[in-house]
There are 2 protein chains.
Amino acid sequence: MKKEFLSIKKLIEKNGYKFTIQKRIILEELFNADIHLTAKEIYSKVKNNNIGLATVYRTMNLFTTIGIIKEIHVDGISYYELKMYSKKPLHIHFKCYKCNSIIDVDNSSVEIKYLKLNREIGENEKLQIHDANIMLIGLCDKCSEDKKL
Amino acid sequence: MKKEFLSIKKLIEKNGYKFTIQKRIILEELFNADIHLTAKEIYSKVKNNNIGLATVYRTMNLFTTIGIIKEIHVDGISYYELKMYSKKPLHIHFKCYKCNSIIDVDNSSVEIKYLKLNREIGENEKLQIHDANIMLIGLCDKCSEDKKL
DNA sequence: TTTAATGCAAAGTGTTTGCACTATA
DNA sequence: TATAGTGCAAACACTTTGCATTAAA
């Protein structure tokens, strides 16, 4: 078993749940995909193992609860992504309105500035900010290239 | 008729649609509410006028298309808010995880900094950013007071 | 051997659509 | 009077749940 799986297995068991074959297979797909997946996309990858859609949803909810994955909502649809071991309170995503692809923006210098800004808002508005989801919308590099043609 | 309605009426008609009684009533509720409303909430306010839920949805979609309102997604549910005449490319919302209320963060000094940061991301990641939705999650002032009791 | 987890189908949400009818420009 | 708009009910897409059965600790 992959060494990442061991710590996740422990986390699942620590919370009183069982590390089933289904959870392992779904976890593998999340690791393989390395991008945001919807429940249906995960289901299409695992259904040949006789895993039902309900199990996918239940597993995603469980994984979200214990913090293995993060759920993001885009246009009313849930996408799931591995949180790995970084539980940073900031998630920046970009959605291309043309090709609909969702890109993770991972840029620590920008992230630090965002966190500072959030602190500023928290103080100004008397809010305790625990988490921040930033959804940027526009044209990705590829689609703006296409536009030029 | 309210003077704000006149310009909206013109906008609707300019786009080839008709300014019906239903649209006027729904618009009035949006003005009265002054907060984010779901389609069901709007429906509950207008159904005594014999307006159907489908009409609410159709109207929200039309209003979103022509830019009268803005649609935001929170936990998979659509909320609608008047955009008024400010079509700013940045929308900061705060959701309290305790009382579930959604607060508009309207702070121009913070907004300018956010816009700068978005420009920075756009340049770094080669993205054309047209719009930004920021969802902050935490405890509102009221709920963090309650916690202290 | 206890208890969480599963697959399936049914039920629940939020939203859209087809259709005959209505009302606006 | 032509055409967008309406209410209703049915359809749709995504998600949850009840239940009898299975499998992990």
Side-chain angles (χ1 to χ4, degrees), chain A residues 1 5-6 8-29 36-66 68-69 71-80 100 102, chain B residues 1 5-6 8-27 29 36-66 68-80 100 102:
Chain A
M1 173 154 33
F5 281 26
L6 267 175
I8 290 178
K9 183 174 184 291
K10 276 181 192 164
L11 185 60
I12 290 169
E13 288 167 351
K14 200 190 74 182
N15 283 277
Y17 303 108
K18 289 165 184 173
F19 190 70
T20 58
I21 297 167
Q22 289 85 347
K23 293 201 186 82
R24 209 205 61 228
I25 292 172
I26 290 172
L27 208 47
E28 260 164 17
E29 291 304 334
H36 312 85
L37 294 174
T38 63
K40 278 181 80 177
E41 284 166 349
I42 296 166
Y43 174 63
S44 74
K45 288 170 188 288
V46 302
K47 67 179 169 198
N48 51 326
N49 294 297
N50 197 36
I51 294 177
L53 184 55
T55 297
V56 173
Y57 277 107
R58 278 188 284 233
T59 304
M60 299 331 272
N61 288 341
L62 196 157
F63 282 4
T64 304
T65 303
I66 63 177
I68 295 172
I69 59 175
E71 184 177 5
I72 64 166
H73 292 277
V74 182
D75 296 343
I77 302 172
S78 288
Y79 289 78
Y80 304 94
N100 284 318
I102 296 164
Chain B
M1 172 152 34
F5 281 26
L6 266 175
I8 290 178
K9 182 175 183 293
K10 276 182 192 160
L11 184 61
I12 290 170
E13 288 166 352
K14 201 189 75 185
N15 282 278
Y17 303 108
K18 289 166 185 171
F19 190 69
T20 58
I21 297 168
Q22 290 84 349
K23 293 202 186 82
R24 211 205 59 227
I25 292 172
I26 289 171
L27 209 47
E29 291 303 335
H36 312 84
L37 294 174
T38 64
K40 278 181 80 175
E41 284 166 349
I42 295 166
Y43 174 63
S44 74
K45 289 170 188 290
V46 302
K47 67 178 168 199
N48 50 327
N49 294 296
N50 198 34
I51 296 176
L53 185 55
T55 297
V56 173
Y57 276 109
R58 278 187 284 231
T59 304
M60 300 331 273
N61 288 341
L62 196 158
F63 283 3
T64 304
T65 303
I66 64 178
I68 295 172
I69 58 174
K70 160 123 187 117
E71 184 178 6
I72 64 166
H73 292 277
V74 182
D75 297 342
I77 302 173
S78 287
Y79 289 78
Y80 305 94
N100 284 319
I102 295 165

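By convention in this document, chain letters (A, B, ...) are assigned in the order of the sequence lines, proteins followed by strands, and residues within each chain are numbered from 1.
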Verdict with supporting geometry, Met60(A) and Ile69(A), side-chain contact (heavy atoms from CB on, under 4.5 Å): CA-CA 8 Å; Met60(A) 299 331 272; Ile69(A) 59 175; 3.4 Å; yes

CA sep, side-chain torsions, deciding dist, call: Tyr43(A), Thr38(A), side-chain contact (heavy atoms from CB on, under 4.5 Å): CA-CA 9 Å; Tyr43(A) 174 63; Thr38(A) 63; over 6 Å; no

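- Going from atom CG of Leu37(B) over to atom C1' of dT15(C) covers 17 Å, rounded to whole Å.
- Atoms NZ (Lys10(B)) and P (dT24(C)) sit 20 Å apart, rounded to a whole Å.
- Using a 4.0 Å cut-off between charged side-chain N and carboxylate O, Glu13(A) and Lys9(A) make a salt bridge.
- No side-chain heavy atom of Leu27(B) sits under 4.5 Å from any side-chain heavy atom of Ile25(B).
- Taking atom CD1 on Ile42(A) and atom C1' on dC14(D), their separation rounds to 14 Å, with Å as the unit.
- In the region residues 43-53 of chain A, proximity to DNA chain C at under 4.0 angstrom, judged on heavy atoms, holds for Asn50(A), Ile51(A), Gly52(A).
- A straight line from NZ of Lys40(B) to P of dT15(C) spans 9 Å, rounded to a whole angstrom.
- Rounded to a whole Å, the CD1 atom of Ile77(A) is 12 Å from the P atom of dT16(C).
- Side chains of Leu62(A) and Tyr57(A) form no contact here, defined as non-hydrogen atoms less than 4.5 Å apart.
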Determine, step by step, whether Phe63(A) and Asn61(A) satisfy the side-chain contact (heavy atoms from CB on, under 4.5 Å) criterion, reporting the C-alpha distance in whole Å, the side-chain angles of both residues, the deciding distance to 0.1 Å, and the verdict. CA-CA 5 Å; Phe63(A) 282 4; Asn61(A) 288 341; over 6 Å; no

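- Between the base of dG5(D) and the side chain of Arg24(B) there is no donor-acceptor pair shorter than 3.5 Å.
- A donor-acceptor contact closer than 3.5 angstrom links the side chains of Ser78(B) and Glu71(B).
- OP1 or OP2 of dT15(D) has at least one side-chain nitrogen or oxygen of Tyr57(A) nearer than 4.0 Å.
- Axis orientation changes by 40° from one end of the helix from dT1(C)-dA25(D) to dA25(C)-dT1(D) to the other, with each end axis drawn from 5 pairs and the value rounded to 10°.
- Counting any heavy atom pair closer than 4.0 Å across all strands shown, Gly76(A) reaches no nucleic acid atom.
- No more than 12 heavy atoms of other residues, nucleotides or ligands sit less than 6.0 Å from atom NZ of Lys45(A).
- At least one donor-acceptor pair under 3.5 Å links the side chain of Lys23(A) to the backbone N or O of Lys18(A).
- In this structure, Ser78(A) reaches the sugar-phosphate backbone alone: every heavy-atom distance under 4.0 Å involves primed, P, OP1 or OP2 atoms, never a base.
- Two residues are said to be in side-chain contact when any heavy atoms from C-beta on lie closer than 4.5 Å; Tyr79(A) and Leu37(A) fail this criterion.
- In this structure, the CG atom of Asn61(B) is 14 Å from the C1' atom of dG5(D), given to the nearest Å.
- At least one side-chain nitrogen or oxygen of Lys23(A) sits closer than 4.0 Å to the OP1 or OP2 atom of dA5(C).
- Across the protein-nucleic acid pair, Leu62(B) atom CG and dT6(D) atom C1' stand 13 Å apart, rounded to whole Å.
- A salt bridge links Glu28(A) with Arg24(A); the closest basic N to acidic carboxylate O contact falls under 4.0 Å.
- Comparing Arg58(A) and Ala54(B) by the nucleotide of DNA chain C that holds the closest heavy atom to each, the one mapping nearer the 5' end is Arg58(A).
- Taking atom CE of residue Met60(B) and atom P of nucleotide dT6(D), one finds them 13 Å apart after rounding to whole Å.
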Please enumerate all protein N or O atoms sitting under 3.5 Å from an N or O of nucleotides 21-25 of chain D, with distances to 0.1 Å.
unit_1  : atom_1 : unit_2   : atom_2 : d
dA24(D) : N3     : Lys18(A) : NZ     : 3.3
dA25(D) : OP1    : Glu13(A) : OE2    : 2.9

Can Thr59(A) and Gln22(A) be said to form a side-chain contact (heavy atoms from CB on, under 4.5 Å), step by step? CA-CA 9 Å; Thr59(A) 304; Gln22(A) 289 85 347; 5.5 Å; no

